[in-house]
Amino acid sequence: MRPELLSPAGSPEALRAAVQNGAGAVYLGWGAFNARRGAKNFSDQEFADALVYCHERGVRVFLTLNTLVTDRELPSALETARKAARLGVDSVLVQDWGLFDLLRRALPDLPLHASTQMSLFTSGGAREIAADGCERVVIARECSAEDTRTICESCPVEVEVFAHGALCMCYSGQCEMSALIGGRSGNRGRCAQPCRLPYGVNGPAKSTYPLSLKDSCLADRLGEMADMGVACVKLEGRMKRPEYVAVITRIYARLLEEGRGPTDAERAELERAFSRSGFTDGYWRGRHGAAMFGTRPENAPDPKDLFDEARRAYEKDNLRTVPVDLSCSVTAGAPCALTASDRDGHTVTVTGPVPEAARTWALDGLELEARLRKTGGTAYRCDNVVTLVDEGLSLPASAVNALRRDALAALTAARTAPPKRRELPAPPLPDIDCSAETPQFTLSVTRLDQLSPALLDMARPARIYVPLEEVSRLETLPGEGPEWCAVLPRVWRDRDEPALRSQLERARALGFTGVLIGNLGHLPLVRGMDFRLYGDYGLNVFNSRSLAYLKEKGLESACVSFELRFAQIRDLKKILPAEAIVYGRLPLMITENCLVQNETGCRLDRQGACVPKDGPCCRPTVLKDRTGAAFPLLPAYGHRTEIQNSKPLYLADRPEVRRLGLAFARLRFTTETAEECVSVLRRYLDGAPASGDFTRGLYERGVE
């Protein structure tokens, strides 16, 4: 089956460009809760008009509500979805767990799609969200053809793939760089695109762009996608010009319809429309490296001739028409009648005046057919016209024209009629309060050598979090008293799961009783293994309903988003015991590309680990920006990279932390030595004032 083509509509004009050039569906933003709040987006009337325009022409409309939402914003987000459902929107894309849970309960007939912001990249994660009511899963852009095939084979609902356009350096939904550096949250639709700026690896930032990926172009891969069962191919570009949307939609629609790859001329047009030093299909091929990266000068001119031609074509509004069949009867003594039918099962009949006896001329079937076929200026074209005309009758041309207009208007009303959908009241939150008077410390380490006897003797923490990869190096637990918890990799693939389960079994045998869950796909990975499940920061817990949703999933606590302000954390209804990171370098990005390998090169073993073990990826490495700020690069599971903030978060001297109702306060150790870990803990136990270079994070200033 041919995949649906989903095009971006950042404005009403871009929507028209997409529809006229062959999009099967469009996605757009309406209201305050979408991941491209910088796009023009749609007013209330424009949104209503867009639904009519698209549905009249057989194009579906998807609303993006794919940002994190606070408790105060949830009612408005729900009301936005209610209005959209009443108007007939075809689906809503969601990132936030609380909003997702609210929509599936309050609007049970409204189709929901899991946004790529949910960070889903395994079949287990796709099945998990499908079981909760999602009809489509938009998988991560970093998924290869092998990954995609595995998910398609295992997932019971539709799978959508980004096929063309900009690539974020970080996994979608996991980027905090824009928020922490500039206060503009990518999770809230305000990304400032820091990945497009120059940086230096272990050196000053000059004219190198190690975070700026080329745009993706999978025009050659559409046949593979169709064969493996991809339901939808998505084109990125809600921030781009309507003419760009027209060009890429036209080419991809043609390729899908004709079942072929692009010609050289079509490739050239795609590149002229927009590219960053060309295109890449590296992720799809499962290949990484410096060749995937590129830039585009800020003053790069648009291709005026290409865009002018595209605009002239779609502004005529006649590139896309809906085929209809008409059947008209003009008989003596009865009102004339016209029936219009489309290919989607809609049939309408309208009537006009009773024909009169002809005085000077009589209407015949050929003349009637010719008049009925005059559908110019509408969304329709006549395929078949059947007429039944009694002899000797007259019907004014104005009556025939009115009959045609009325029939097509009735057909439009039928095609654009919103489906009947249930609207239920928002369910109340569980009457549970897991607030704590004073939070207990938890410790997370990156390396085992940070777990010194002095740290364990001093801390008496509630929990200690150890990366699962480090657990394999343990012979016994370093100490008794705290609960030992394994931290699952933030990013992995289906093929990694047998090895991960084996490591989890070893962790359990050592005495680990808890697992830190940072992705929905972790849940099916650990079920049945008798671990206590705790939510990590990667779940982006932003509101009370997210806590309720995660409680239903079996979690016993959850780390809240570090994009929340103190007051927002305080006001969360603690349906689960809540945890917050109160010390450490906060993670800015997790990247599929290893930044160190791209810069210095390194050799990998068959398991994808750096060889030797003290190779370039394992040595201290920093990314420097134009101000000289140095962001440590830490190796992540699967030969990926996690970029840390340049300054550690420090809150030991902030008494507010103890008044938020938190059950746990996490000290996150990344680049610290064992001695530095002890010093930090001592300062937190004493409530010592801040010193040195530090940040308060976003807890006080918040984000846009």
Side-chain angles (χ1 to χ4, degrees), residues 4-7 9 12 15-16 18-20 22-31 42-65 78-93 103-104 106-113 133 135-136 158 231-232 317-318 320-328 335 337-352 372 375-384 401-424:
E4 178 178 59
L5 179 61
L6 177 58
S7 292
L15 178 137
R16 181 163 56 156
V19 171
Q20 288 299 316
V26 295
Y27 61 104
L28 54 82
W30 174 52
F42 289 72
S43 68
D44 291 359
Q45 187 59 53
E46 286 170 342
F47 180 63
D49 292 344
L51 285 164
V52 172
Y53 182 86
C54 289
H55 289 165
E56 184 179 31
R57 291 160 176 79
V59 176
R60 301 204 292 168
V61 179
F62 303 157
L63 176 64
T64 56
L65 292 182
L78 174 59
E79 184 58 25
T80 298
R82 284 192 192 279
K83 290 179 180 177
R86 292 171 195 151
L87 290 169
V89 77
D90 294 283
S91 77
V92 172
L93 285 92
L103 294 181
R104 67 178 181 147
L107 298 168
D109 302 323
L110 177 64
L112 300 178
H113 292 181
E135 295 192 2
R136 178 181 288 183
E158 295 179 345
C232 177
D317 217 33
N318 61 0
R320 183 171 197 150
T321 52
V322 178
V324 294
D325 295 335
L326 300 179
S327 176
C328 187
L338 176 61
T339 297
S341 303
D342 62 20
R343 303 292 184 271
D344 299 314
H346 301 102
T347 298
V348 297
T349 299
V350 297
T351 58
L372 292 176
T375 58
T378 74
Y380 302 101
R381 71 175 186 273
C382 286
D383 264 14
N384 300 295
N401 294 339
L403 199 65
R404 183 190 64 243
R405 287 194 299 269
D406 291 347
L408 295 182
L411 187 60
T412 292
R415 292 175 62 83
T416 62
K420 293 183 178 179
R421 289 167 171 156
R422 290 171 291 169
E423 291 189 26
L424 306 178

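All values below come from the heavy atoms of this structure, side chains included, with hydrogens, waters and symmetry mates left out.
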ask   = Is there side-chain contact between L110 and V89, with heavy atoms separated by less than 4.5 Å?
value = yes
inquiry  = Parallel, tilted or perpendicular, judged at 30° and 60°: which one describes the rings of H113 and F62?
reply    = perpendicular
ask   = Quick one: side-chain contact (heavy atoms from CB on, under 4.5 Å) partners of A409, sequence neighbours excluded?
value = none
request  = Measure the spacing between NZ of K420 and CG of D109 and express it to the nearest 0.5 Å.
outcome  = 12.5 Å
task = Would you name the heavy atoms of L6 and C232 that are closest together and state the gap between them?
result = CB-SG, 3.5 Å
request  = Apply side chain to side chain contact (heavy atoms under 4.5 Å, CB included) to L28 and F47, showing your working.
outcome  = CA-CA 9 Å; L28 54 82; F47 180 63; 3.5 Å; yes
note = To the nearest 0.5 Å, atom CG of D383 lies from atom OG of S341 at 11.5 Å
message = Just to verify, what does T378 make a side chain to side chain donor-acceptor pair (under 3.5 Å) with, not counting sequence neighbours?
response = none
message = Between C382 and L372, is the side chain to side chain contact (heavy atoms under 4.5 Å, CB included) condition met? List the steps.
response = CA-CA 8 Å; C382 286; L372 292 176; 5.5 Å; no
ask   = Is there side-chain contact between C54 and V19, with at least one heavy-atom pair below 4.5 Å?
value = yes
message = Rounded at 0.5 Å granularity, tell me how far OG in S91 sits from CG in L112.
response = 8.0 Å
ask   = Measuring from E423:CD to L78:CG, what's the distance to the nearest 0.5 Å?
value = 8.5 Å
inquiry  = Using side chain to side chain contact (heavy atoms under 4.5 Å, CB included), reason through T347 and T339 one step at a time and then give a plain yes or no.
reply    = CA-CA 7 Å; T347 298; T339 297; 3.5 Å; yes
key: Heavy-atom closest contact (P335 atom, T351 atom, distance)   = CB-CB, 4.2 Å
message = In the structure I gave you, are the side-chain heavy atoms of D49 and P12 within less than 4.5 Å of one another anywhere?
response = no
ask   = Taking all non-hydrogen atoms of both residues, which atom of Y380 and which atom of V324 are closest, and how far apart?
value = CD2-CG1, 3.5 Å
task = Considering non-hydrogen atoms only, spot the tightest contact between P419 and G88 and give its length.
result = CD-CA, 4.0 Å
request  = Determine yes or no for a side-chain-to-main-chain donor-acceptor pair under 3.5 angstrom, with R57 supplying the side chain and Y53 the backbone.
outcome  = yes
Distance (rounded to the nearest 0.5 Å) between L411 CG and D342 CG = 5.0 Å
query = Hey, is the main chain of A85 close enough, under 3.5 Å, to the side chain of R421 for a donor-acceptor pair?
reply = yes
Nearest heavy atoms of V350 and L403, plus distance in Å = CG2-O, 3.6 Å
task = Provide the closest heavy-atom pair for V59 versus A25 in the form atom of the first, atom of the second, distance.
result = CG1-CA, 3.7 Å
query = Heavy-atom distance under 4.5 Å between the side chains of P323 and R343, does that happen here?
reply = yes
request  = Decide, yes or no, whether a salt bridge links D44 with K83 under the criterion of side-chain N to carboxylate O below 4.0 Å.
outcome  = no
message = With a 4.5 Å cut-off on side-chain heavy atoms, are L51 and T416 touching?
response = no
message = Less than 3.5 Å apart, any donor N or O on the side chain of E56 or T412 sitting next to an acceptor on the other?
response = yes
R60 and E4, any side-chain heavy atoms less than 4.5 Å apart = yes
ask   = Between atom CG of L326 and atom CG of L338, what is the distance when rounded to the nearest 0.5 Å?
value = 5.5 Å
inquiry  = Are the side chains of V322 and R415 in contact, using a 4.5 Å heavy-atom criterion?
reply    = yes
request  = Go through the steps to decide whether R86 and E79 satisfy the test salt bridge (Lys or Arg N to Asp or Glu O under 4.0 Å), and finish with yes or no.
outcome  = CA-CA 11 Å; R86 292 171 195 151; E79 184 58 25; 3.8 Å; yes
ask   = What pairs with R381 under side chain to side chain donor-acceptor pair (under 3.5 Å), at least two apart in sequence or on another chain?
value = T321
